[in-house]
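What you see below is based on every heavy atom in this structure, not just the backbone, and it leaves out hydrogens, waters and symmetry mates. Because the structure is predicted, anything quoted here is derived from the model rather than measured.
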Amino acid sequence: QVHVVESGGGLVQPGASLRLSCTVSGFSLDYYAIGWFRQAPGKEREGVSCISSSDGTNYADSVKGRFAISRDTSKKTVYLEMNSLKPEDTAVYYCGTALIPSSMTCPLVTRNYDFWGQGTQVTVSS
């Protein structure tokens with residue numbers, strides 16, 4: 001069975017940092033890309049960042065220079081380091097898995113991702 005579990009969300013002030021974790025089981029990260037997406041109330045789910053099985057990365061323009069995605073294959077965990085957080089980063093953050101060739105840039109579109117975690121809430125407020 002495929003399981004995806006996110007953790008690390010919380011309530012922080014603007015300018016603070018958080019590290020989100022996505023731990024997966026039931027498949028190998030050798031063959032899947034992992035993406036982080038977020039959804040604010042009343043808005044569509046949007047792509048934030050993703051990492052391929054060859055460690056290629058992709059970032060939304062809104063988070064470039066502030067967020068960094070990484071992978072620890074031995075722990076089957078993908079991390080999203082979020083720095084200089086802004087109120088507009090407030091959302092439920094989800095991670096998902098996508099069967100994408102390792103040489104291909106992972107897409108930041110939800111339809112390519114097959115399995116999802118339950119989400120973790122990130123709130124940035126003063």
Between Lys86 and Asp89, does any NZ, NE, NH1 or NH2 come within less than 4.0 Å of an OD or OE carboxylate oxygen?
no
Would a distance-only check, ignoring hydrogens and angles, find a side-chain to backbone donor-acceptor pair under 3.5 Å from Glu6 to Gly119?
yes
Looking at Lys75, is its backbone amide N or carbonyl O close enough to the side chain of Thr77 to form a donor-acceptor pair, meaning the two atoms are under 3.5 Å apart?
yes
Would Ser25 and Lys76 satisfy side chain to side chain contact (heavy atoms under 4.5 Å, CB included), going step by step from the backbone distance to the final call?
CA-CA 7 Å; Ser25 62; Lys76 293 188 174 182; 5.5 Å; no
Given ring pair (Phe, Tyr, Trp, His ring centres under 6.0 Å), test Trp116 with Phe37 step by step and report yes or no.
CA-CA 10 Å; Trp116 298 87; Phe37 296 75; 5.2 Å; yes
Let me check something: do Phe115 and Ile51 share a hydrophobic cluster, defined by ILVMFWY side-chain heavy atoms less than 4.5 Å apart, either directly or through other members?
yes
Please check if Leu85 and Leu11 belong to a single hydrophobic cluster, counting links between Ile, Leu, Val, Met, Phe, Trp and Tyr side chain heavy atoms closer than 4.5 Å.
no
Measuring from Ile34:CD1 to Cys50:SG, what's the distance to the nearest 0.5 Å?
10.0 Å
Check for me, please, whether Val5 and Val24 land in the same ILVMFWY cluster - side-chain distances under 4.5 Å, paths through other members count.
no
Assigning hydrophobic clusters by single linkage (Ile, Leu, Val, Met, Phe, Trp, Tyr; side-chain heavy-atom cutoff under 4.5 Å), is Val78 placed with Val109?
no
Filter on side-chain hydrogen bond (donor to acceptor under 3.5 Å, both in side chains), then keep only pairs touching residues 92-113, sequence neighbours left out; what's left?
Arg38-Tyr93
Inter-residue atom distance Ile100.CD1 - Cys106.SG, 0.5 Å rounding:
8.0 Å
If you round to the nearest 0.5 Å, how far is CE of Met104 from OG of Ser53?
12.0 Å
Leu108 and Leu99: same hydrophobic cluster, using ILVMFWY side-chain contacts below 4.5 Å?
no
Hey, mind stepping through Phe67 and Asn83 against side chain to side chain contact (heavy atoms under 4.5 Å, CB included) and telling me if it holds?
CA-CA 6 Å; Phe67 291 10; Asn83 301 302; 5.8 Å; no
Would a distance-only check, ignoring hydrogens and angles, find a side-chain to backbone donor-acceptor pair under 3.5 Å from Arg19 to Met82?
no
Could you please spell out the steps behind the side chain to side chain contact (heavy atoms under 4.5 Å, CB included) verdict for Tyr59 and Ile69?
CA-CA 9 Å; Tyr59 296 91; Ile69 192 169; 3.5 Å; yes
Step by step, work out the side chain to side chain contact (heavy atoms under 4.5 Å, CB included) result for Thr23 and Tyr79.
CA-CA 9 Å; Thr23 300; Tyr79 304 97; over 6 Å; no
Taking the side chain from Thr90 and the backbone from Thr123, do they hold a donor-acceptor pair closer than 3.5 Å?
no
Where the side chain of Thr120 meets the backbone of Ser7, is there a donor-acceptor pair that is under 3.5 Å apart?
no
Test item: Ser70 and Glu81 side chains (from C-beta on) under 4.5 Å apart, heavy atoms
no
Is Leu18 close to Val12 at the side-chain level, that is, under 4.5 Å between some pair of heavy atoms?
yes
Got more than 12 heavy atoms from elsewhere within 6.0 Å of CD, Gln13?
no
Could you name each residue pair satisfying disulfide bond (SG atoms under 2.5 Å apart) that touches residues 10-45, not counting sequence neighbours?
Cys22-Cys95
Could you grab the distance from atom CG of Leu20 to atom OG of Ser49, nearest 0.5 Å is fine?
11.0 Å
Taking the side chain as every heavy atom from C-beta outward, state whether Ser125 and Pro87 have any pair of such atoms under 4.5 Å apart.
no
